[in-house]
Amino acid sequence: MNRQGRPSKPQGAPGQIVAPEFETFSGNRGLEQNEALLFEIGREGQCGVDLPVPEEDLTSRMGGLERGGEIGLPGVSEPEVVRHFVRLSQKNYSIDAGLYPLGSCTMKHNPRLNEKMARLPGFADLHPLQPISTVQGALEVMDRLSHWLITLTGMPAVALSPKAGAHGELCGLMAVRAALEARGEKRARVLVPESAHGTNPATAAACGYTVDEIPAGPDGRVDVEAYKAKLGPDVAAIMLTNPNTCGLFERDIIEIADAVHAVGGFFYCDGANFNAIMGRVRPGDLGVDAMHINLHKTFSTPHGGGGPGAGPVTFSEALAPYAPLPYVVQDGEGYDLVENEKDAADADPFGRMVAFHGQMGMFVRALAYMKSHGGDGLKQAAEDAVLSANYILASLKDVMSASFEGPCMHEALFDDGFLEGTGVTTLDFAKAMIDEGYHPMTMYFPLVVHGALLIEPTESESKISLDQFIGSLRGLAGLAKEGKTERFEGAPFLAPMARLDETAAARKPVLKYTEAAE
Ligand SMILES: *Cc1c(COP(=O)(O)O)cnc(C)c1O
């Protein structure tokens, strides 16, 4: 009972009636609403909007391509649409619902101030083809954002337009290729450490390079000797993440940069893990030539279901001339956009990455995030992110197996060593976390350790929420070690969907609705 005399404990607390097991008539379980497919709810002839019947017969304008019959899409009313998607969203885990151990590399807390700023009509209602004189404020936002990115990275130029980290990698390697071509060189290889994110080798291959893998040393970092042995005049670039995907700082980064420069190659840094170092170290000082910054990771701009993202790329002196169009310039009259190669004075842009200028909404959110934190606040966010991860590492390493010695950066990496002989796998362990009310951490990545469990709590979790999370993981690790495997086999038990055959779902996806046979 609380002080108002009202029950405050969930059911099952001592002295309370435990609910019997029963099936409900509706299929709902209290607040958890059962939800059918739209195809099962929808009816032909039902529609959520009223459209006027066209006065003339428009089919004549379709050049004979008009549809011949019904396409069988379900019609639903507006409240049905709203309920359908709200109910589905309630079956999902989200950063707004609880601690999200995938961290900034998927989604960190998005301060609501950012949303308020992005919804200002002057930003939200812009059209990319509006006359320049009517979008001076938006261009100023892009200019200020560029300034922050240049200052934080210590690099002289930035391209804002790429729309994701992977898109930024493509942008960076295209600039590398343009710079090499300008020297009259065509190089064949790009070096990628074996712990790299999959987009790195994919980008190099998409740009026509051969991917050459650099092994990791026993400390989880690039094996510098093996790396140097691979360098040669046909190496276009190395693509390196720092901190790397094991959550470790590449201590030899300056030596790595110098070595690739010595053979005339470039240093591409995957900046997805910038959250660990922003405000602490400037990648430009480490010898980086190009680096994408995932605004939707480090700078908190939200992205769901694959978009929108924003992956601006910063460039060194050597690559800056080849950076893509468009970019913002300021003269006595105000701001302008350089959109054509002929207007790019002293530069040789390789082209453009997108039709227009990039993700304006993300630019506004990212700048709001930067300005509300200030330079000192960004630095503190990075430090707190590293502190949180180390708190988790230190609190769990007696019951789970930490993959590498020593402290981590913003991610704590464990492998499945602690599960050896228990019959419980990394997958089972992760699924049991769903019953605990947590989204699992990154599993089976990076590939350099066996059965990886990679936890990134970010800076915004309180000690209380970290302790609860640690408590769950300690509890589960204890059960596994005691041989109490019933919580693992077949988990999750308390989620709307039980254990799914994810392999079959990926290999044999059912993408078309077919009515069940009567
Ligand atoms: C997320 C991520 C990427 C790709 O970024 P997207 O915005 O998802 O395209 C690349 N490298 C690393 C290390 C990442 O974490």
Side-chain angles (χ1 to χ4, degrees), residues 95 100-108 110 149 159-174 190-207 211 213-214 216 220-222 237-250 253 267-278 283 288 290-314 353-354 358-359 361-363 365-366 382 385 389 408-413 441-449 452 454-458:
I95 179 82
Y100 201 63
L102 296 170
S104 74
C105 245
T106 295
M107 181 71 241
K108 72 179 193 181
N110 169 41
L149 293 174
L160 289 183
S161 63
K163 296 207 172 174
H167 205 209
E169 291 173 32
L170 185 66
C171 174
L173 279 208
M174 285 171 82
V190 167
L191 306 183
V192 181
E194 64 178 353
S195 68
H197 194 262
T199 50
N200 294 186
T203 300
C207 284
V211 177
E213 205 173 84
I214 316 167
R221 294 166 174 91
V222 167
I238 175 175
M239 296 182 85
L240 184 78
T241 314
N242 201 15
N244 68 22
T245 53
C246 299
L248 303 169
F249 195 82
E250 293 283 355
I253 186 161
F267 182 2
Y268 186 89
C269 184
D270 179 330
N273 291 340
F274 197 46
N275 203 49
I277 56 171
M278 64 174 166
V288 171
M291 177 173 115
H292 72 260
I293 297 170
N294 307 60
L295 297 186
H296 48 290
K297 294 180 177 176
T298 308
F299 297 105
S300 86
T301 60
H303 58 295
V313 181
T314 51
M353 297 298 294
V354 300
Q359 299 284 17
M362 312 296 265
F363 299 160
R365 289 176 176 91
C408 59
M409 293 296 287
H410 65 316
E411 295 174 299
L413 177 61
M441 66 288 270
T442 302
M443 299 183 293
Y444 298 104
F445 181 85
L447 304 175
V448 288
V449 305
L454 182 68
I455 304 174
E456 185 189 345
T458 79

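Whatever order the structure lists them in is the order used to number ligands and atoms, beginning at 1. In this text, all values refer to a predicted model and were calculated from it rather than measured experimentally.
- Across all their heavy atoms, Met291 and Tyr268 have their closest contact at C-OH, 4.1 Å.
- A side chain to side chain contact (heavy atoms under 4.5 Å, CB included) with Leu240 is found for one member of Asn200, Ile253, Val288 and no other, namely Ile253.
- Every residue meeting the side-chain contact (heavy atoms from CB on, under 4.5 Å) condition with Thr298, not counting sequence neighbours, appears here in chain and number order: Phe274, Asn275, Met278.
- Residues Lys163 and Val354 are in side-chain contact: their nearest non-hydrogen atoms beyond the backbone lie under 4.5 Å apart.
- With no hydrogens or angles considered, no side-chain donor-acceptor pair links Asn242 and Glu250 at under 3.5 Å.
- Annotation: ligand 1 has protein neighbours Cys105, Ala164, Gly165, Ala166, Glu169, His197, Thr199, Asp270, Ala272, Asn294, His296, Lys297, each with a heavy atom less than 4.0 angstrom from the ligand.
- Taking all atoms of both residues into account, the shortest heavy-atom contact from Pro308 to Met362 is O-CE, 2.9 Å.
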